[in-house]
Amino acid sequence: MAIGSFLVAIVVGLTGMGGGALMTPMLVTFFGVPPLAAVSSDLAASAIMKPVGSFVHLRRGTVNLKLVGWLCVGSVPSAFLGVLILKYVLGDGEETQHFIEKAMGVALLIAAGGLIVRMWQAIRDKTENRTEAERVTAEPGSPASEPTPELKIRPIPTILTGVVGGVIVGITSVGSGSLIIVALLALYPMLKANQLVGTDLLQAVPLVAAAALGHILFGDFQLSVTAALLVGSIPGVYIGARISSRAPGQLIRRALAVVLLASALKMFGVPTVVLAWTLLALIVVAVLSWALLRGRNKDTETVDSGV
């Protein structure tokens, strides 16, 4: 369990996702931990793990503190509310355990869909050589070495994103990275990928802490599971965060897509072999689509230069 949490934590530090999206499914699928106990124990471990990764990004200057503040206004109280909904509305029976698994799968698929759209937009920006004014996504480069861009904060949508994300995190442990990071992609498309990860990791600290407190009080928290997760996750998230703060933005986005799709399919009970072939097929389709789009763009450039 510690080795598994170490590997997952590297992904968390690298992408901002994977705490609930990978850790909870790992506990349920490979170690037979009941879903509710997995959610409770994972959130408690994440409350300690997330600050480690966010501290690295904070030192690197890849965090937008204003955005973090507005997100926390909505997410912190709603995360605790999500735990209460799980305890007093849904209950803790077998049906609730099944509901948690499927809810995690749906949440991950939504997040994966949003990220794929974002990646497609980035490909079009690149292949069509759009100017800075025409671009839908940020200019690729080395975001860790650049200052965080000045953003025009949209308070109401940002707070609502925090509210929805907080409730889902409280119920499923998924969302502090996966759903909120995709929502931020839609609200603030010009945020650099590394800065997006850093901002999301820091806002997840109070969010996950609130949800963890609720699960310790009202959930099915298991200290032995949390301790095993922490042994591997603390060094893992530190390593991942250091890589992320310097890694190219395109690499991070691709890693996010793979993490989300794999986690979502696993929550719906897809066998490992089928999962591997499905991911391979999706990667092939993505590469072919990129090549086709690039080829069309070259043809257009040839025609334009001929004219």
Might you work through the side-chain contact (heavy atoms from CB on, under 4.5 Å) test for F31 and V225, ending with a clear yes or no? CA-CA 10 Å; F31 297 100; V225 175; over 6 Å; no
Could you tell me if the side chain of Q222 sits less than 4.5 Å from the side chain of S40, heavy atoms only? no
Please find the pair of heavy atoms, one from L230 and one from A45, that lie closest to each other, and give the distance. CD2-O, 3.4 Å
Considering non-hydrogen atoms only, spot the tightest contact between I234 and V237 and give its length. O-CG1, 3.4 Å
Look only at the side chain of H215 and the backbone of G170, and say whether a donor-acceptor pair between them is shorter than 3.5 Å. yes
Side-chain heavy-atom pair M49, L229 within 4.5 angstrom cut-off: no
One should read off an interatomic distance between T161 OG1 and R154 CZ, to the nearest 0.5 angstrom, of 9.0 Å
Does Q203 reach the side chain of S75, with side-chain heavy atoms less than 4.5 Å apart? yes
By the definition side-chain contact (heavy atoms from CB on, under 4.5 Å), identify the one residue from L207, N64, L184, I159 that meets it with L71. L184
Quick check: do L81 and P77 have side-chain heavy atoms less than 4.5 Å from each other? no
Side chain to side chain, L280 and W277, heavy atoms closer than 4.5 Å: yes
Any idea which heavy atoms bring V83 and F218 closest together, and the distance? CG1-CB, 4.3 Å
Quick check: closest heavy atoms across L187 and P157, and the distance to 0.1 Å? CD2-CB, 3.7 Å
Should M1 and V39 be regarded as members of a common hydrophobic cluster, given that ILVMFWY residues are connected when their side-chain heavy atoms come within less than 4.5 Å of each other, either directly or indirectly? yes
Tell me whether V231 shares a hydrophobic cluster with I48, the cluster being built from Ile, Leu, Val, Met, Phe, Trp, Tyr side chains joined at under 4.5 Å. no
Hey, does V164 have a side-chain heavy atom less than 4.5 Å from the side chain of I180? no
Can you check whether L201 reaches V63 side chain to side chain, under 4.5 Å on heavy atoms? no
Does the side chain of T199 come under 3.5 Å of the side chain of Y188 through a donor N or O and an acceptor N or O? no
Check whether any side-chain heavy atom of F6 sits under 4.5 Å from a side-chain heavy atom of P235, and report yes or no. yes
Report, as yes or no, whether the 6.0 Å neighbourhood of atom CD1 on I153 holds more than 12 heavy atoms from other residues, nucleotides or ligands. yes
In chain order, what residues pass the side chain to side chain contact (heavy atoms under 4.5 Å, CB included) check against F55, with sequence neighbours excluded? R59
For residues G166 and S78, report the shortest heavy-atom separation together with the two atoms involved. CA-OG, 3.3 Å
Is it the case that one hydrophobic cluster holds both V28 and V169, taking links as side-chain heavy atoms less than 4.5 Å apart, direct or via other members? no
Run the numbers on S5 and M23 for side-chain contact (heavy atoms from CB on, under 4.5 Å), then give the verdict. CA-CA 7 Å; S5 67; M23 202 81 81; 3.7 Å; yes
Taking A38's backbone N and O only, do any of them form a donor-acceptor pair with S41's side chain (distance below 3.5 Å, no angle check)? no
Given side-chain contact (heavy atoms from CB on, under 4.5 Å), test L43 with T226 step by step and report yes or no. CA-CA 9 Å; L43 280 171; T226 299; over 6 Å; no
Please report the closest heavy-atom contact between P206 and V76, naming both atoms and the distance. CB-CG2, 3.8 Å
Inter-residue atom distance L7.CG - S233.OG, 0.5 Å rounding: 11.5 Å
Are I156 and V73 linked, directly or through intermediate hydrophobic residues, by side-chain heavy-atom contacts shorter than 4.5 Å (ILVMFWY only)? no
List the steps, then state whether side-chain contact (heavy atoms from CB on, under 4.5 Å) holds for D42 with M26. CA-CA 10 Å; D42 173 49; M26 178 192 76; over 6 Å; no
Would a hydrophobic clustering, with Ile, Leu, Val, Met, Phe, Trp and Tyr connected at side-chain separations under 4.5 Å, put F221 with L213? no
